[in-house]
Amino acid sequence: MAKTLKQELDETLEAAVRVVASDVEADLPLDKCRFGPTRSPEHGDFATNAGLVLAKPMRRKPLDIAGELAAELLKSDFIAQAEVAAPGFVNVRLADSAFVHVLENISREGAAYGMNDSGADESILLEFVSANPTGPMHIGHCRHGVTGDSLARILRANGHPVTTEFYINDAGVQIKSLGKSFRARCYECVTGEAPTEELQYSGEYLVEFAKEFTSSKTKEDLDKLSDEEFAWEARGRNLEMIKRDLEALGTRMDSWVSEKALLDDGLVAKSLDRLRNSDETFEEDGALWLKTEAFGDDKNRVIVKTDGELTYLVPDIAYHLNKYERGFGTYINLFGADHSGYPARLRAGIATLGHDPEKLKIILMRLVFLMKNGERVKFSKRAGNFVALSDVVEEAGRDATRWFMLSRSIDTEFEFDMDLATEQSSRNPGFKVQYAHARICSLESKAAEGGFPEASSPADAIASLNSREEHDLIIYLSTYPEVVERAGKSLDVHSIPAWLLGLAELLNSYYTKGNTDPHFRILQEDNRELYAARKVMLDSVRRVLANGLELMGISAPAHMSRDEEEE
RNA sequence: GCGCCCAUAGCUCAGCUGGAUAGAGCAACGGACUUCUAAUCCGUAGGUCGGAGGUUCGAGUCCUCCUGGGCGUGCCA
């Protein structure tokens, strides 16, 4: 993998700093020296604050230091001009070779452009969604499903071997309740009499399942079935529904782990034994407690109740023991903000069972609230009054849903307005990115039909790619690998769509400039050779748009057609 | 009460490890389709970055306090 332009320039800066500050005894604050694209053309292409940062350790004026840095930086082949600006910046204009470097990297690496192998030695188990198999998934699961999937893609792009996993909570009391509700629905189907007891799970989906299940069964058949069998049947059907929903969302799970299986294998019992025999648990008031306080919990937690039943913590800790025994480098859990008490408890359990709790990273994602008719809908799976994930995907479309969900920081709770999302799906900002991609595809196919020349080499092309707009585009393209790397390190998905939108805006703006300025028209009959140069850049933009959309699990269409019916 | 998180344009949200005049979408207003797809673009208007201090060359970004909101704080899961 070739060095990115950013890496090259960082090395150039570091070398320059070492020369200029060679007589400084103390450690140089290199990590505080920035070298990056500027926001304003008058500041050149790239700028560094190194002069300001070095002023204190060197005990000299920032402007003087900047002057010496500028002279050093000019020695680089990638830098054409270097100017000092108050209060102590160095503004740099890049040489053609820098732009060539970027275009060559993209052209050579193609779909791999932006990827790196820094995470190759750290395998990751990424658990997310893990919705209880007691009903359809809702809007909250949608955010988790999309974010987790995209996170997996980003981590893989950073070289990590990633396994995505869904934990099936199929052994607790909620499954028993599900079984009871399902049994009641089955009898309702067979006898025609409405259930007399109140159903814990009253959603319509159970009625549908019951119809399917009892279609060739009699009341006598049902009488032979145990509660557990009803529960397992409903669990299976719910799980199939969850799998279908995840598939509709474009989310892939590599692994499914069943709580019941862990229980049947004796892992829960084994975990409990080890917990009980450790110094980190104690008996009090007839219950067994785990010392979670030592890991930041407000208070210690009961793991075995006075009636001998286990709390949810024991199977959860057992599951994490199972994870650790599979030997990953890092374990990431994507939880909802309502699980903020979990990290301390799980870490306490993991440490007590002799594993390193630092390998467990828990991401707490803010909630999504559903807006309908101007107010928040309180949804409850038991009551069945929620908008299902499948409805959202169906109405807004997979791409629009994913864009919408991924564009927001996981630290921000936001309101998903169902009506607005459906109505605005055709004006979703994500379409702008897809449109930019389709636009280039369209141009290129048109050029091919018209017999325009193929792309030349970047080195040959660069002389013609000399406008500010073209330089800005190429510089922007050069920052993509950093964005991917940063997103992988900070587990921050939403920076990808934000960056892509920036690229799409640059491209669209560049394209539209051709409407008013003939020089910027890409297909010029009387200047066909110009296209050979521009195609180099267009190919790069198209490539990187597609790479970024791939990380989001959003399609990069070659053609976009609009429903003419809409008005 | 305690813990974690949030507060940026009318609305929904960006703002990278502190960097030079705070950005986008929607909504508002004015423009650009005989044209390489107008799902686009250009322009105008809209901000005391919740409030008050502090750290320094420099703060939306870091620290403290305050205000307002969310979640958690079950021998529920």
Side-chain angles (χ1 to χ4, degrees), chain A residues 31-32 34 36 38-40 42-43 47-49 51-53 55-56 61-62 85-89 91 132 169 172-174 285-289 296-299 301-307 309-313 315-316 336-344 364 366-367 369 404 407-409 411-417 420 424 426-432 434-436 438-444 446-447 450 452 479 482-483 486-487 489-490 492 494-495 497-499 501-502 504-505 507-516 518 520-524 531 559-563 566:
Chain A
D31 56 321
K32 286 189 169 182
R34 310 285 171 228
T38 60
R39 206 180 317 169
S40 163
E42 60 198 78
H43 298 144
T48 177
N49 62 349
L52 292 159
V53 173
K56 187 165 277 181
K61 289 180 184 170
F89 293 102
N91 295 330
N132 288 346
N169 284 283
V173 292
Q174 77 281 4
D285 301 335
L288 185 67
W289 299 68
D297 206 351
D298 313 1
K299 49 180 277 194
R301 303 287 158 177
V302 168
I303 55 174
V304 182
K305 299 188 259 181
T306 47
D307 63 4
E309 291 284 314
L310 305 182
T311 65
Y312 68 97
L313 264 174
D316 281 354
D338 55 342
H339 284 58
S340 63
Y342 267 52
L364 293 175
R366 306 309 301 179
L367 303 178
F369 295 93
F404 197 70
S407 298
R408 282 144 174 84
S409 159
D411 287 330
T412 309
E413 65 184 38
F414 73 97
E415 291 176 341
F416 190 98
D417 189 322
L420 201 68
Q424 285 198 341
S426 65
R427 284 180 294 170
N428 188 306
F431 280 90
K432 182 184 288 195
Q434 292 181 306
Y435 187 67
R439 198 167 227 177
I440 296 173
C441 292
S442 169
L443 268 175
E444 295 190 339
K446 195 145 221 158
F452 279 82
T479 64
E482 305 163 47
V483 173
R486 210 162 46 223
K489 286 203 172 115
S490 59
D492 155 38
H494 83 278
S495 54
W499 187 89
L501 200 54
E505 278 167 0
L507 188 276
N508 282 326
S509 179
Y510 173 68
Y511 174 96
T512 315
K513 212 168 164 59
N515 285 346
T516 51
F520 281 95
R521 281 185 70 80
I522 291 158
L523 301 179
Q524 297 177 35
Y531 178 74
H559 182 83
M560 290 188 78
S561 59
R562 181 183 201 172
D563 292 340
E566 276 186 65

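FYI, side chains are in, hydrogens and waters are out, and symmetry mates aren't considered; it's all heavy atoms of this structure. Chain letters run A, B, ... following the sequence lines, proteins first and then strands; every chain starts at 1.
- The separation between A:K432 atom NZ and B:A38 atom P is 14 Å, rounded to whole Å.
- Here A:P429 lies in heavy-atom contact (under 4.0 Å) with sugar-phosphate atoms only.
- Rounded to whole Å, the C1' atom of B:C66 lies 14 Å from the corresponding atom of B:A7.
- Note on A:R486: a base of the nucleic acid sits closer than 4.0 angstrom, heavy atoms only.
- Within the structure, every side-chain polar atom (N or O) of A:R439 is placed at least 4.0 Å from both OP1 and OP2 of B:A39.
- Nucleotide B:C26 holds its C1' atom 11 Å from the CZ atom of A:R408, rounded to whole Å.
- Using a 4.0 Å heavy-atom criterion, one finds that A:E505 contacts the sugar-phosphate atoms exclusively.
- Straight-line distance between the C1' atoms of B:C6 and B:G15: roughly 16 Å, to the nearest whole Å.
- Comparing the same atom, C1', in B:G18 and in B:U12 gives a spacing of 27 Å after rounding to whole Å.
- Atom name C1', nucleotides B:A20 and B:C65: the rounded distance is 31 Å, in whole Å.
- Within 4.0 Å of A:S495, counting heavy atoms only, lies no atom of the nucleic acid at all.
- Counting non-hydrogen atoms under 4.0 angstrom, A:H494 reaches the backbone sugars and phosphates but no base.
- B:G58 and B:U35: their C1' atoms are spaced 48 Å apart (whole Å).
- OP1 and OP2 of B:C16 both lie 4.0 Å or more from every side-chain N or O belonging to A:R34.
- Note on A:L52: a base of the nucleic acid sits closer than 4.0 angstrom, heavy atoms only.
- A:K299 comes within contact range of the sugar-phosphate backbone alone, with a heavy-atom separation under 4.0 Å but no base atom that close.
- Nearer the 5' end of RNA chain B, as judged by each residue's closest nucleotide, is the contact made by A:N91, out of A:N91 and A:D307.
- Nearest heavy-atom pair across A:L52 and A:P62 is CD2-CB, 3.9 Å.
- A close approach under 4.0 Å does not occur between any side-chain nitrogen or oxygen of A:K489 and OP1 or OP2 of B:C16.
- Residue A:R301 is classed as a sugar-phosphate contact, given heavy-atom separations below 4.0 Å to backbone atoms only.
- The shortest distance between the side-chain N/O atoms of A:R39 and the OP1/OP2 oxygens of B:A20 is below 4.0 Å.
- Atom name C1', nucleotides B:C36 and B:C29: the rounded distance is 30 Å, in whole Å.
- Side-chain N/O atoms of A:T412 include none lying less than 4.0 angstrom from OP1 or OP2 on B:G70.
- The residue A:N49 sits close to a base: some heavy atom pair falls under 4.0 Å.
- Residue A:R366 contributes atom CZ, which lies 13 Å from atom P of B:C13 at whole-angstrom precision.
- We find that the ring of A:F431 and the base of B:A39 stack, their centres lying under 5.5 angstrom apart and their planes tilted less than 30°.
- Across the interface with RNA chain B, nearest-nucleotide mapping of A:A287 and A:T516 shows A:T516 to be the residue nearer the 5′ end.
- Phosphate contact (OP1/OP2 of B:C41, side-chain N/O of A:Y510, threshold under 4.0 Å): absent.
- Atoms CG (A:L443) and P (B:U40) sit 16 Å apart, rounded to a whole Å.
- Contact annotation for A:S40: base contact, defined as any heavy-atom pair under 4.0 Å involving a base atom.
- For the C1' atoms, the distance from B:G54 to B:A14 is 28 Å, rounded to whole Å.
- The C1' atoms of B:U56 and B:A39 are separated by 47 Å, rounded to the nearest whole Å.
- Residue A:K513 is classed as having no contact, given no heavy-atom separation below 4.0 Å to the nucleic acid.
- The aromatic ring of A:H43 stacks onto the base of B:A20, its centre lying under 5.5 Å from the centre of the six-membered base ring with the two planes under 30° apart.
- Once the 5.5 Å centre distance and the 30° plane angle are applied, the aromatic ring of A:F89 is found not to be stacked with the base of B:G19.
- A donor-acceptor contact under 3.5 angstrom links the side-chain atoms of A:Y312 to the base of B:A77.
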